[in-house]
Participant: 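Right, I'll just put the structure down here and ask away after.
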Amino acid sequence: SISVVSLNLMNPFRLHPVPPSPLTPPIRSLSRPCSKEASLHTYNLGVKDTMELVRSEIVQVVLEERPFGSGGCCEAFHCSFLTTDGELGPRKVAKKYKYKYDFHDDYVNSHLGQAIADQFNRAMGPHLPPANRVEFVLWNQILELDSRLYSVEEFLPGTFTKYNNIFGDVEQPAYTPEEKVCCDLAAAFSHFSFIRSGYEYIVLDVQGVSTTFTDVALVSRKPSQYGYTDTGPAAIQAFFKKHHCNQYCIKLNLPAIDPTSLPPPIEERDERSSQSSTMEPDTEIQWEWLDKEHRAHPFDTDMQLALRAAQEAGRDVVKVSIGDATQFIIDIKTGQSFNLHTGECRHLHKRTVKLREPPCLLQMEMDGQWHTYDSKVQGAVMAGMKTGKRQLDIEMNGRPYVFDLDALVQINSATKNSRRIRFVVFQSEHAPSTPATGNGNGNGHFA
């Protein structure tokens, strides 16, 4: 299957859609009347801190030729998928980045925004009419059409309103009484998000239909921490300089913020342990890297263990070295692998897979050190053992080898040279005591 993850690249702009008419008719006659074949990649909405591919499928889609909204970074198009009986399905919105893809940050930001919205709704309790609950459009699909990628999300019928922007400016259009309620709730929500985050970040660029928001930005104390729309503390100060606490801020007992002296951030609670405890007992995380065709390839066992150990130790970065020079820096938080020598960036994702039993590794002795075989060899040996075989013929790098599992040796069929092999059992939370050095898919010394 084909998989796609985001590129985490910088761009200071965000899409500001052109407001549709207050009454949105059913999908109109499209300027591209014929459907086209495309790939649709769907991600697990239950995983909020990264993008986990669930499935890829071939679909028929009708996409409008001209965007209905355009901003500095994205263009938004109406689209519709054909049903199994050939009818147009409900209208959707397909967003295309103009310059660089940034699916990952937008996906994570929308989930963080929804989490704060849930807290906001609970805190408001009876003071919040059901029609004015704060909700977010959570997208989880990427459309691959004509060699371009689009995020696909629900279409919001109604009047689209922008309440504030990434620079902290508070929009002040003319409001009806109903719109004034939404405006005050949006402002209170931004204020609430800064308090609830422990003064670490604020939700800005709040926009949408009524109190259903889309395309928000997280703006933090460290510019760009949450992507290209994170404009840093200056935007936080600008918001509170223009924000006047309203009835909802008062009902929530939100403290006033002095824009000239932002309160110091409260240390964020580490949620890694609670997240790991929610995993099913018979599953584990598998890390994969993506090639230029967006195909996923699992890392070798050494790297899997190193990445898991780093994540459980609270480290976001794994350095992969060959010799004395650092070749790769793998950033777990942003899901990227960066080659320091070539400048090439590979993008990563993780998926939940069934735990393999037993969790053992096959290693080879070379130059006085033990080196772990790649995943293909591991799989071939394990498959052979399950059938009861004790001698296995396996090809590596175009050369035939015999693996004698009783004598624990690997024999080159052509040269008859042999090397010792061994099985080592590791618990999934521990990396090997002696990291392997190799030459496949990023193997090397890990730090």
Side-chain angles (χ1 to χ4, degrees), residues 1-3 5 50 52-53 56 279 282-312 318-322 327-328 330 332 335-337 339 346-366 369-387 389 391-405 408 410 412 419-446:
S1 64
I2 304 170
S3 59
V5 294
T50 190
E52 181 182 285
L53 185 68
S56 296
M279 285 190 61
D282 295 329
T283 62
E284 62 181 354
I285 295 297
Q286 175 175 285
W287 288 89
E288 300 172 335
W289 59 273
L290 288 105
D291 61 23
K292 293 180 180 179
E293 302 299 324
H294 310 300
R295 292 185 295 256
H297 306 270
F299 281 109
D300 289 337
T301 308
D302 286 350
M303 183 68 80
Q304 299 285 352
L305 293 172
L307 289 169
R308 290 176 203 154
Q311 193 171 36
E312 290 168 6
V318 175
K319 295 181 179 179
V320 184
S321 303
I322 297 177
Q327 293 255 337
F328 297 93
I330 297 181
I332 296 174
Q336 296 183 91
S337 170
N339 187 318
R346 283 177 174 171
H347 298 277
L348 321 176
H349 69 197
K350 60 182 179 181
R351 69 172 73 238
T352 303
V353 297
K354 262 194 152 181
L355 186 64
R356 291 171 295 176
E357 295 291 346
C360 61
L361 303 177
L362 179 63
Q363 296 185 330
M364 166 188 65
E365 186 183 35
M366 184 171 63
Q369 292 187 344
W370 290 97
H371 305 263
T372 303
Y373 287 98
D374 65 25
S375 55
K376 290 183 179 179
V377 174
Q378 301 279 350
V381 171
M382 295 303 172
M385 290 176 62
K386 287 181 180 179
T387 64
K389 293 182 179 179
Q391 285 200 349
L392 304 171
D393 296 313
I394 297 176
E395 185 174 290
M396 294 188 301
N397 301 321
R399 300 184 182 93
Y401 292 86
V402 174
F403 284 72
D404 188 328
L405 303 183
L408 289 178
Q410 165 205 294
N412 187 312
R419 298 184 187 276
R420 289 199 302 159
I421 62 176
R422 70 177 184 180
F423 289 97
V424 184
V425 177
F426 292 115
Q427 298 298 321
S428 62
E429 64 265 26
H430 297 301
S433 56
T434 305
T437 301
N439 56 7
N441 295 343
N443 279 347
H445 294 298
F446 309 119

Participant: As an exercise, state the distance from CD1 of I421 to OH of Y401, rounded to the nearest 0.5 Å.
Facilitator: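 Answer for the CD1-OH pair, I421 versus Y401, is 13.0 Å.
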Participant: Could you check whether any side-chain heavy atom of F403 comes within less than 4.5 Å of a side-chain heavy atom of L362, counting everything from C-beta outward?
Facilitator: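 With C-beta onward as the side chain, the pair touches.
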Participant: How long is the span from the CG atom in L405 to the NZ atom in K389, to the nearest 0.5 Å?
Facilitator: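 One finds 11.0 Å between CG of L405 and NZ of K389.
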Participant: Considering residues at least two apart in sequence or located in another chain, which fulfil the side-chain contact (heavy atoms from CB on, under 4.5 Å) criterion with K376?
Facilitator: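 D374.
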Participant: Apply side-chain contact (heavy atoms from CB on, under 4.5 Å) to D404 and list each qualifying residue two or more places apart in sequence or on a separate chain.
Facilitator: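 Partners of D404 by the side-chain contact (heavy atoms from CB on, under 4.5 Å) criterion, ordered by chain and then number, come out as Q391, D406, A407, V409.
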Participant: Looking only at non-hydrogen atoms, find the nearest pair between A380 and I394 and report the distance.
Facilitator: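 For A380 and I394, the tightest heavy-atom pair comes out as CB-CD1, 4.0 Å.
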Participant: Might you point out which heavy atoms bring E288 and P298 nearest each other, and give the distance in Å?
Facilitator: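 Residues E288 and P298, closest heavy atoms: CG-CA, 3.8 Å.
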Participant: Rounded to the nearest 0.5 Å, what separation is found between the CD atom of E365 and the NE2 atom of H371?
Facilitator: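 The distance works out to 8.5 Å.
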Participant: Looking only at heavy atoms, what is the nearest atom pair of I330 and S337, with distance?
Facilitator: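 Answer, listing the atom of I330 first, then S337: CG1-OG, 3.8 Å.
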Participant: Quick one: list whatever passes side-chain contact (heavy atoms from CB on, under 4.5 Å) with E395, sequence neighbours left out.
Facilitator: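 Checked E395 against side-chain contact (heavy atoms from CB on, under 4.5 Å); zero matches.
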Participant: What I want to check is whether the side chains of Q363 and R422 have a donor and an acceptor closer together than 3.5 Å.
Facilitator: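 Q363 vs R422: donor-acceptor pair found between side chains.
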